[in-house]
Amino acid sequence: MTVGILTKGSPNVAQAASSKQILNWTESIELATADASKATDTLSFNVLLNTQEGLYRLDKNGTPKLALAKSANVSKDGLTYTFELRHGAKWSNGDPVVAKDFVYAWQRTLDPKTTSQDAFYLYQVKNAKAINQGKAQADTLGIKADGDYKLTVTLDKPVSYFKKLLAWPLFFPQNQKVVTQYGKDYGTKSENTVSNGPFKLTKWTGTNDSWTLVKNKDYWDQKQVKLSQINESVIKDPQTGLNLYQNHKVDETLLTGTQVPNLKTQADFVARKSSNLTYLDMNQKQVAAFKNKQVRQAISLAINRTALVKNVLQDGSTAPLGFTPVGLGTDPSNGKDFAKETVVKSAVTNNLTKAKQLLKAGYKATNTKHLDLTLTTDDTQEAKSTAEFVQNSLEKLPNVKITIKNLPKVQRLTQQKQGNYQLIITGWQSVFADPINFLDVWEANSAYNTAGWKNAKFDGYLDAAENKYANDPQKRWTALQNAEKLLLNEQATVPLYQATKAQLLNTKVKGIVYNGSGVPYDWKTTYIK
């Protein structure tokens with residue numbers, strides 16, 4: 001999920017950076033939160049990756065490298081991790097970063113009162129799940145501080161990707177004094193935060209459409225941070241973004257629609273493949289007909305994904321092969337990509353005739369005469385265009401009426417979390433490169449499974465993959481494949497497209513490392529003006 005970019009036309013890497021290291025960046029959505037325990041979206045995590053730091057950081061190849069940890073030791077059975085923390089690391093308020101900050105952060109995220117949707121990522125840690133479910137005390141969690149600079153983590157089972165998880169903001173430390181000081185308002189605006197990473201978040205009120213990341217002078221490795229400031233602005237209209245870029249007001253802008261073919265020959269054009277999958281969820285709790293598999297299949301078959309990516313998005317995004325995108329894992333026996341090896345064509349193809357037949361049967365089985373549905377989506381141009389395409393596709397089915405509801409992403413995420421929707425266009429992006437990171441969205445107890453689809457056999461496959469076959473790569477792979485195939489055969493969700501982010505990027509920006517689809521967060525980022 002981490003991509004390194006050196007754009008065409010970039011200056012010689014030996015060229016010295018200018019003294020004015022200010023980067024002007026654009027985003028298509030508002031910042032939702034600066035609280036790692038509450039974050040759920042890519043942008044919030046990208047800001048946290050800029051402003052906070054954990055035991056590890058990922059390099060440009062996605063490989064975990066020591067960060068706040070000065071050394072790490074893993075037991076032979078893979079269950080115990082012992083870390084020696086760096087002396088001298090500080091929070092931006094001057095407090096030292098110590099082992100108890102990690103203990104507090106993990107316990108806070110798992111506390112049921114925090115209502116963290118991502119708490120399940122910590123379930124690898126001993127007793128984490130029981131604590132999150134209110135069945136065990138916080139102090140039984142498998143993380144212990146031995147003085148200020150020694151940290152011991154105990155897992156329930158070996159986890160091959162655990163170091164990658166430790167480079168994710170959910171596993172970063174938190175300053176208990178500051179969190180307690182601001183209470184429920186912690187992380188809701190820049191002045192209610194504290195940083196231990198390369199930058200500090202400033203000029204964010206919690207509701208405005210711009211903010212600034214300023215170099216953190218208290219960061220332990222601040223001498224390696226080249227950028228002095230990143231100015232971020234929310235630009236939802238692609239044409240406005242293009243105008244600002246062409247007038248040298250911003251150093252980057254996202255492209256959509258016809259902008260892409262019109263500008264793709266320019267030296268500053270960049271297309272970045274992403275692990276982000278956009279999909280359509282059908283809320284069975286709100287619409288009884290969605291409990292019927294034939295109805296769900298009809299909705300999927302009515303959508304021509306190839307036409308969506310080629311005629312509407314036009315940004316290099318691709319029609320999906322399944323729910324898990326291409327690039328998330330390879331078969332240990334033959335090296336084939338998971339998505340390519342696990343295709344269920346009926347779940348991602350277009351057949352309007354069959355869709356009409358299935359919907360007719362679904363209507364009869366559920367005693368439904370018509371479907372008058374509200375489709376909720378973001379208020380960006382890309383989201384609006386996608387929603388209109390889906391609307392037109394579904395209204396070709398008999399007695400189906402779709403009304404589109406566009407919301408700012410922060411509001412859309414809130415309504416989705418509450419299950420307050422009928423149809424919703426949403427997305428998921430990997431935290432680490434493994435199919436489990438997509439499939440576990442659909443476990444029965446997942447905080448992200450708001451559509452109401454549940455299947456005990458599916459849950460059993462995932463349990464086998466993570467527990468029974470944790471140390472048997474081939475059997476684990478087969479269990480994950482079985483889960484993907486079941487999910488798609490049941491049409492639990494409707495995959496729409498795997499995203500590619502097309503953008504214009506100032507050719508004087510070099511060596512930027514991205515996480516998914518957002519802000520540069522690498523501590524060595526250099527901007528040459």
Side-chain angles (χ1 to χ4, degrees), residues 22-52 92-93 108-109 114-118 169-170 174-175 178-195 197 199-214 216 229-241 244 249-250 252-254 376-384 387 404-421 424-427 429 450 515-521:
I22 299 176
L23 182 64
N24 296 304
W25 201 260
T26 69
E27 299 290 352
S28 60
I29 60 173
E30 298 88 351
L31 179 58
T33 183
D35 181 350
S37 294
K38 299 293 184 68
T40 60
D41 64 293
T42 300
L43 175 57
S44 294
F45 281 125
N46 280 338
V47 170
L48 288 164
L49 285 163
N50 273 288
T51 58
Q52 310 296 337
S92 54
N93 65 355
R108 175 175 179 258
T109 297
T114 304
T115 65
S116 170
Q117 279 190 272
D118 280 354
L170 195 72
Q174 295 179 26
N175 187 310
V178 176
V179 176
T180 302
Q181 176 185 350
Y182 294 113
K184 64 181 177 60
D185 293 326
Y186 172 72
T188 59
K189 53 185 177 180
S190 56
E191 62 186 47
N192 293 358
T193 64
V194 65
S195 301
F199 299 96
K200 294 189 295 184
L201 176 64
T202 65
K203 301 181 181 180
W204 179 57
T205 66
T207 58
N208 57 331
D209 58 3
S210 64
W211 56 91
T212 299
L213 304 180
V214 178
N216 181 8
Q229 186 170 311
I230 305 172
N231 299 319
E232 296 204 62
S233 301
V234 178
I235 309 295
K236 295 184 179 181
D237 177 47
Q239 187 57 48
T240 299
L244 289 170
K249 301 295 184 182
V250 296
E252 169 274 347
T253 187
L254 290 174
T376 303
T377 189
D378 296 344
D379 60 355
T380 64
Q381 186 57 53
E382 179 182 285
K384 290 178 180 178
I404 296 175
K405 181 180 180 181
N406 297 119
L407 294 174
K409 187 169 184 176
V410 175
Q411 294 181 32
R412 193 268 295 168
L413 287 170
T414 298
Q415 292 203 5
Q416 182 176 351
K417 181 180 180 180
Q418 296 170 345
N420 184 19
Y421 65 91
I424 196 164
I425 295 177
T426 184
Q429 185 158 346
T450 59
N515 181 278
S517 59
V519 117
Y521 70 86

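When reading the values below, keep in mind they use all heavy atoms of this one structure, side chains included, and skip hydrogens, waters and symmetry mates. Positions are given from 1, in the same order as the sequence printed here.
- N50 places none of its side-chain heavy atoms less than 4.5 Å from the side chain of V47.
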Audit row: L170, S116, side chain to side chain contact (heavy atoms under 4.5 Å, CB included) steps and yes/no: CA-CA 10 Å; L170 195 72; S116 170; 4.3 Å; yes
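- No side-chain N or O of Y182 forms a donor-acceptor pair with one of T188 less than 3.5 Å apart.
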Residues T377, Y421; criterion side chain to side chain contact (heavy atoms under 4.5 Å, CB included); working and verdict: CA-CA 10 Å; T377 189; Y421 65 91; over 6 Å; no
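- Nearest heavy atom pair, residue T114 against residue R108, reads OG1-O, 2.5 Å.
- Contact check on R412 versus D41 returns no salt bridge, with no Lys/Arg side-chain nitrogen under 4.0 Å from an Asp/Glu carboxylate oxygen.
- Once rounded to the nearest 0.5 Å, the distance linking OG of S92 with NZ of K200 reads 5.5 Å.
- For the atom pair CG of D185 and CG of N192, the computed distance is 6.0 Å after rounding to the nearest 0.5 Å.
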Stepwise side-chain hydrogen bond (donor to acceptor under 3.5 Å, both in side chains) test for T376 and Q415: CA-CA 9 Å; T376 303; Q415 292 203 5; 4.8 Å; no
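- Residues T51 and T193 have side chains not in contact (no heavy-atom distance under 4.5 Å, counting atoms from C-beta outward).
- When only modelled atom types and interatomic distance are considered, Q416 and T426 share a side-chain donor-acceptor pair under 3.5 Å.
- The two atoms that bring L31 and W204 nearest to each other are O-CZ2, 3.5 Å, heavy atoms only.
- For the atom pair CG (N420) and CD (Q411), the distance works out to 11.5 Å, reported to the nearest 0.5 Å.
- The minimum heavy-atom distance linking I29 with W211 is given by the pair O-CH2, 4.1 Å.
- Two residues are said to be in side-chain contact when any heavy atoms from C-beta on lie closer than 4.5 Å; S37 and Q174 meet this criterion.
- The line from NZ of K236 to CD of E382 is 13.5 Å long, rounded to the nearest 0.5 Å.
- Looking at K417 and T40, their side chains never come closer than 4.5 Å, going by heavy atoms from C-beta outward.
- Minimum heavy-atom separation, T26 to T253: OG1-CA, 3.7 Å.
- Across F45 and A39, no two heavy atoms sit closer than the pair CZ-O, 3.4 Å.
- Side-chain contact between D378 and N406 is absent, with no heavy atoms from C-beta onward closer than 4.5 Å.
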Chi angles and distances behind the side chain to side chain contact (heavy atoms under 4.5 Å, CB included) call for N231, I22: CA-CA 7 Å; N231 299 319; I22 299 176; 3.5 Å; yes
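- Pairing each heavy atom of L43 with each of E30, the nearest pair is CD2-O, 3.6 Å.
- Atoms OG and CD, on S195 and Q52 in that order, are 5.0 Å from each other to the nearest 0.5 Å.
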